[in-house]
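Below is one structure, written out as structure tokens; comments come after it.
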Amino acid sequence: MSYNFTNKEVADLLHNISAVYQIKDFNQFQIRAYDTAADTIEHLNSELKDIWETGELDSIPGLGEKLRAYIDELFRTGKVKHFEEVSEKVPDNLFHFLVIPGVGPKTAMKLAETGIKDFHDLEKRIKEGKLEGAGLSEKILANIARGIEEYKRRSDRILLPVAAEIAKDVIDHLFKHPSVKRADTLGSLRRRLSTVGDIDISAASDKPFEVIEHFKKTPGISHVVEAGDRTSTIALRNGIRVDLMVQPPELYGNLLQHFTGGKNHNIRVRSLALKKGYSVSDNGTKELKSGKLHKFTDEEAVYKLLEMECPPPELREDQGEVEAALAHKLPNLVELEDIKGDLHTHSLWSDGRASIEEMAKEAKRLGREYIVMSDHSYPNLLDFKKRLKEIEHVNDSVEGFRVISGLEVNINADMTLQVPDEILQMHEVILVSIHTAFRQPKEEMTKRIIRALENPNVDILSHPTGRMLLEREGIEADWEVIFQKVKDLGKTLEINAFPNRLDLPDNLVRKAKEYGVRFSIDTDSHHINHLSLMEYGVSVARRGWCVKDDIVNTLPLAELKSILKDVK
DNA sequence: GCCGTTTTCGGCCCGACTGTTTTCAGTCG
């Protein structure tokens with residue numbers, strides 16, 4: 001008998017206990033321990049419950065004796081006595097208010113003590129001016145009101161390419177100020193996470209105040225959230241927040257280093273620096289003994305002073321990259337330029353919006369050597385032979401480029417494939433994927449995928465989890481069993497580059513790589529414009545620590561044939 | 001509450017901005 005909690009639920013619980021501790025003015029380092037543990041659990045590669053079941057909780061950094069015992073108690077009994085005791089006199093509704101930007105535990109407590117029931121009640125009372133005497137000044141109340149508006153408008157997170165596009169516009173605007181010498185993305189956008197919350201931007205300039213003033217005039221701005229001497233936050237009309245940090249050019253490397261890494265990466269690096277006698281911040285690296293300040297124009301130098309390699313931004317999550325950088329053993333990650341072809345594309349023959357020839361020409365223009373034309377295998381709609389003829393024809397007419405015949409075949413809910421083997425055998429590359437019955441139980445789903453992989457005609461498992469970012473969760477399956485099977489059968493796992501998929505997700509890519517699995521990075525293009533989305537799949541692969549050799553479509557056509565045997 | 005090549009106690013990353021604070025608390029990243 002045990003109770004189920006997702007990683008997110010456990011993380012939220014620990015964050016809530018941290019809030020309770022903050023209200024009670026507990027030791028700040030205890031508070032931090034809860035938040036650190038929560039963050040670690042939220043970003044775990046595997047389900048915490050699975051790790052608990054195999055008795056390996058002690059493999060998780062940041063979980064000591066006490067937190068491990070609490071988590072054990074949680075999974076066994078469904079609750080934690082200590083958590084209940086410590087939150088006994090804390091009103092539950094407090095936690096509703098923590099989602100409002102600018103409202104932390106202390107403010108939330110004041111609101112809860114005033115007898116406000118929930119978010120909507122709060123909104124109503126502020127509008128009606130009924131919150132005087134709550135121990136909150138007018139300015140604070142106005143700030144909360146604005147926070148509520150912002151929270152309501154804020155699309156939770158945005159897709160990576162959307163964020164990248166907005167950031168590009170902001171950076172273009174910044175460069176219109178003559179004093180701006182350099183400008184880049186920072187934070188989760190620079191680390192290329194699949195989805196991004198806030199957009200962080202850096203600028204190098206000797207006139208930070210002027211640049212902040214210029215930033216306040218960014219096109220599309222709704223209002224200025226805050227503005228200081230060299231940092232500022234604005235909210236755009238679409239509800240997205242943009243942070244700007246400015247440093248003079250000689251400190252630009254320090255700035256990039258400080259605001260690129262994830263929280264845990266930064267803590268690791270700065271702790272390490274302290275042991276070596278340095279205090280690291282965006283204002284320079286200070287030698288503690290002499291007080292000497294090292295200023296760096298480039299961030300590589302910050303790491304070099306600490307006798308480390310400079311980890312690529314995508315790796316700065318404290319997932320082993322600090323150790324690798326210290327040992328000078330960072331992987332040489334795959335790059336967009338390494339990609340030679342695209343193994344998953346669609347045309348007018350299924351749900352694509354361009355002909356095979358148009359797709360081939362555009363792919364060639366982008367420098368690719370080949371594509372797999374993998375239309376859906378609609379069994380009653382597709383004239384397979386006629387389509388193969390057309391592929392042949394395009395191969396004759398588009399010179400120096402190869403269209404490989406393929407199909408994307410549904411794995412039916414009953415574990416059969418959408419079309420019979422004789423159809424599969426007519427094609428050079430077969431991708432399989434789940435498009436229906438996403439909510440099957442884990443065991444059944446795992447068996448369903450493995451059955452499909454065991455078909456000797458099948459080459460690639462496409463968008464394996466079926467997730468749609470910001471829309472729906474992926475399927476539940478025993479991924480480690482599947483990865484082992486993919487490896488044993490010599491099949492390929494797809495990293496789907498389409499922006500709302502990015503599937504496999506980066507954490508599972510890393511896990512699959514441990515099993516020695518090889519990957520393809522494919523755009524799943526349905527339009528010629530989609531063919532250039534490859535870079536987002538490459539970002540996922542890089543976040544999963546993939547090098548060139550892990551990716552089959554870095555191979556030129558001649559060598560690809562050694563892996564995809566039916567390719568002529 | 002966690003952690004260890006200064007180890008089982010005594011430390012724990014660093015800084016910006018806002019409010020009303022004349023030295024600091026709260027929030028955020």
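Predicted model, so just to flag it, every value in this text is computed and none were measured. First the proteins, then the strands, lettered A, B, ... as listed; each starts at 1.
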If the cut-off is 4.0 Å, is A/Lys106 near the phosphate of B/dG26, judged by side-chain N/O to OP1 or OP2?
yes
Considering every strand and a 4.0 Å limit on heavy-atom distances, what is the contact class for A/Val269: base, sugar-phosphate, or nothing?
nothing
Does B/dT20 have its OP1 or OP2 closer than 4.0 Å to a side-chain nitrogen or oxygen of A/Ser137?
yes
Could you please name the option among B/dG1, B/dG29, B/dA16 that lies closest to any side-chain atom of A/Thr231?
B/dA16
Kindly point out which of B/dG15, B/dG29, B/dG1 is positioned nearest to the side chain of A/Asp243?
B/dG29
Check every strand shown and say whether A/Ile31 touches a base, only sugar-phosphate, or nothing at a heavy-atom separation below 4.0 Å.
nothing
What contact category does A/Glu65 fall into here, base, sugar-phosphate, or nothing, at under 4.0 angstrom with non-hydrogen atoms?
sugar-phosphate
Looking at every strand, decide which applies to A/Ala227 at a 4.0 Å heavy-atom threshold: base, sugar-phosphate, or nothing.
sugar-phosphate
Nearest-Å distance for atom pair CZ/P, residues A/Phe97 and B/dG26:
18 Å
Expressed as a whole number of angstroms, how long is the span from A/Leu256:CG to B/dC14:P?
19 Å
Verify whether the ring centers belonging to A/Tyr151 and A/Phe119 lie closer than 6.0 Å.
yes
Is any NZ, NE, NH1 or NH2 atom of the basic residue among A/Arg510 and A/Asp506 found under 4.0 Å from an Asp or Glu carboxylate oxygen of the other?
no
Looking only at atom P, what distance separates B/dC3 and B/dT8, rounded to whole Å?
16 Å
d(CG, A/Asn143; C1', B/dT27) in whole Å:
10 Å
A/Phe29 atom CZ is separated from B/dC14 atom P, nearest whole Å, by 11 Å
How would you label the contact of A/Tyr34 with the nucleic acid (heavy atoms, under 4.0 Å): base, sugar-phosphate, or nothing?
sugar-phosphate
B/dT5 to B/dG1 separation - C1' atoms, rounded to the nearest Å:
24 Å
Could you work out the separation of B/dA25 and B/dT21 based on their P atoms and round it to a whole Å?
13 Å
Has A/Asn27 got more than 12 heavy atoms of other residues, nucleotides or ligands less than 6.0 Å from its CG?
yes
Rounded distance (Å) that lies between atom P of B/dA16 and atom CG of A/Leu244
15 Å
Using a heavy-atom cut-off of under 4.0 Å over every strand shown, decide if A/Ile100 touches base, sugar-phosphate, or nothing.
sugar-phosphate
Write down the distance separating the P atoms in B/dT23 and B/dC28, rounded off to the nearest Å.
26 Å
Classify the side-chain pair A/Ser202/A/Tyr252 by whether it contains a donor and acceptor separated by less than 3.5 Å.
yes
Could you measure between the two C1' atoms, the one in B/dC17 and the one in B/dC12, and give it in whole Å?
24 Å
Respond yes when some side-chain nitrogen or oxygen of A/Asn27 is under 4.0 Å from OP1 or OP2 of B/dC2, and no when none is.
no
Would you kindly compare A/Ser281 and A/Glu226 by the position of their nearest DNA chain B nucleotide and give the one closer to the 5′ end?
A/Ser281
Please state the P separation for the pair B/dC14 and B/dC9 - nearest whole angstrom.
26 Å
Tell me whether the count of non-hydrogen atoms from other residues, nucleotides or ligands lying under 6.0 Å of NZ in A/Lys304 goes above 12.
no
Nucleotide B/dG10, atom C1' - distance to CD of A/Gln28 in whole Å
14 Å
Given the P atoms of B/dG15 and B/dG10, what is the spacing between them in whole Å?
26 Å
Considering every strand and a 4.0 Å limit on heavy-atom distances, what is the contact class for A/Tyr278: base, sugar-phosphate, or nothing?
nothing
Salt bridge or not between A/Glu73 and A/Arg68? Use side-chain N to carboxylate O under 4.0 Å.
no
Going through the checks in order, is the side chain to side chain contact (heavy atoms under 4.5 Å, CB included) test met by A/Glu535 and A/Arg192?
CA-CA 10 Å; A/Glu535 62 166 302; A/Arg192 309 284 284 178; 3.0 Å; yes
Atom-pair distance (NZ on A/Lys66; P on B/dC2), nearest Å
8 Å
For a quick check of understanding: with a heavy-atom distance under 4.0 Å over all strands, which category does A/Arg268 fall into, base, sugar-phosphate or nothing?
nothing
Nearest to side-chain heavy atoms of A/Arg230, which nucleotide of B/dG1, B/dG15, B/dG29
B/dG15
Glycosidic class, syn or anti, of B/dT7 using a 90° window around 0:
syn
If the plane angle is over 60° it's perpendicular, under 30° parallel, otherwise tilted; pick one for A/Phe75 and A/Trp52.
tilted
Output the rounded distance in Å from CG (A/Leu98) to P (B/dG26).
14 Å
Give none if B/dG4 has no partner; otherwise give the nucleotide forming a Watson-Crick or G-U wobble pair with it, both distances under 3.5 Å.
B/dC9
Looking for any heavy atom pair under 4.0 Å, which part of the strands does A/Thr107 touch: base, sugar-phosphate only, or nothing?
sugar-phosphate
5' precedence on DNA chain B between A/Pro105 and A/Ser279 (nearest-nucleotide basis):
A/Ser279
Once you apply a heavy-atom cut-off of 4.0 Å, does A/Asp229 come out as touching a base, just sugar-phosphate, or nothing?
sugar-phosphate
